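Computed from a prediction, not measured in an experiment: that's the story for all the values here.
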Amino acid sequence: MPNDKHESSDASIRNSSLETRNFIEVSAGLVFRRGLLLITQRRPQNHLGGLWEFPGGKRHPNESDEDCLRRELLEELAIEVEVKELIETVEHEYPEKAVRLKFFRCLWQQNEPRALGCHDFAWVTREQLADYVFPAADARLLQKLQTAPGLWS
């Protein structure tokens, strides 16, 4: 019986630390155009530099997730999008910080992307996604993208 009490105490400590952890709120876009998905490469000097990701960024206080995403895509890639439905929310803890990522399906509206706030970008097919290395936080979403071809239409 003492072991059970100790184990539940450990679980409540873990849960309370997760609940009080300050998450960095991030909006990211799954920007689709003609069956292709837009991905960006992080600058080498940034956190997780060189890895590929879905474009977006940190939400400002009093900014909606959708407004954040429109702003970030304009700043990072000079594109305009229509923000559609929320596809996935992921909370992930790195050793140095915790992030809450909200991934929205977006439709490209206008302007060709330019690498303004990222190292590079690519339009990829569902099959090509596996050729790129993404941060650990994106694993669940990548699985969903591989197994849900309806997202790509």
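For Asp120, there are no side chain to side chain donor-acceptor pair (under 3.5 Å) partners at least two apart in sequence or on another chain. Applying the side chain to side chain donor-acceptor pair (under 3.5 Å) test to Arg140 and every residue at least two apart in sequence or in another chain returns Glu88. Residues meeting the salt bridge (charged side-chain N to carboxylate O under 4.0 Å, His left out) test with Asp65, sequence neighbours left out: Arg59, Lys102. Applying the side chain to side chain donor-acceptor pair (under 3.5 Å) criterion to Arg114, with sequence neighbours excluded, gives no partner residue. Applying the salt bridge (charged side-chain N to carboxylate O under 4.0 Å, His left out) rule to Glu112 yields the partners Arg33; only residues at least two apart in sequence or on another chain are considered.
Summarising the geometry, atom NE2 belonging to His60 is positioned 11.5 Å from atom CG belonging to Asn62; distances are rounded to the nearest 0.5 Å. A distance of 12.0 Å separates NE2 of His92 from CD1 of Ile24, quoted to the nearest 0.5 Å. Atom OG of Ser27 sits about 10.0 Å away from atom CZ of Arg70, to the nearest 0.5 Å. Rounding to the nearest 0.5 Å gives a distance of 9.5 Å between OG1 of Thr89 and CD of Glu25. A distance of 9.0 Å separates CG in Leu141 from CG in Leu101, rounded to the nearest 0.5 Å. We find the CZ-SG distance between Arg43 and Cys118 to be 7.0 Å, quoted to the nearest 0.5 Å.
Nearest heavy-atom pair across Leu107 and Arg105 is CD2-NH1, 3.5 Å. When all heavy atoms of Arg71 and Lys58 are compared, the pair lying nearest together is NH2-O, 3.0 Å. Minimum interatomic distance between Glu93 and Ala98 (heavy atoms only, all atoms of both residues): CG-CB, 3.8 Å. In terms of heavy-atom proximity, Gly29 sits nearest to Phe54 at O-CB, 3.6 Å. Across Leu151 and Lys144, no two heavy atoms sit closer than the pair CD1-CG, 4.3 Å. In plain terms, the two heavy atoms of Val90 and Ala137 that are nearest each other are CG1-O, 3.4 Å.
The hydrophobic cluster around Leu86 extends to Val31, Leu36, Leu38, Leu69, Leu73, Leu77, Ile79, Val81, Val83, Phe104, Trp108, Phe121, Trp123, counting ILVMFWY residues whose side-chain heavy atoms fall within less than 4.5 Å of a member.
Hydrophobic clustering, with ILVMFWY side chains joined whenever heavy atoms are under 4.5 angstrom apart, keeps Phe32 apart from Leu74. Follow the hydrophobic side-chain contacts under 4.5 Å out from Val124 and you reach Leu142 in the same cluster.
In this structure, Gln41 contributes its side chain and Trp52 its backbone to no donor-acceptor pair below 3.5 Å. Distance alone, capped at 3.5 Å, places no donor-acceptor pair between the Arg100 side chain and the Glu91 backbone.
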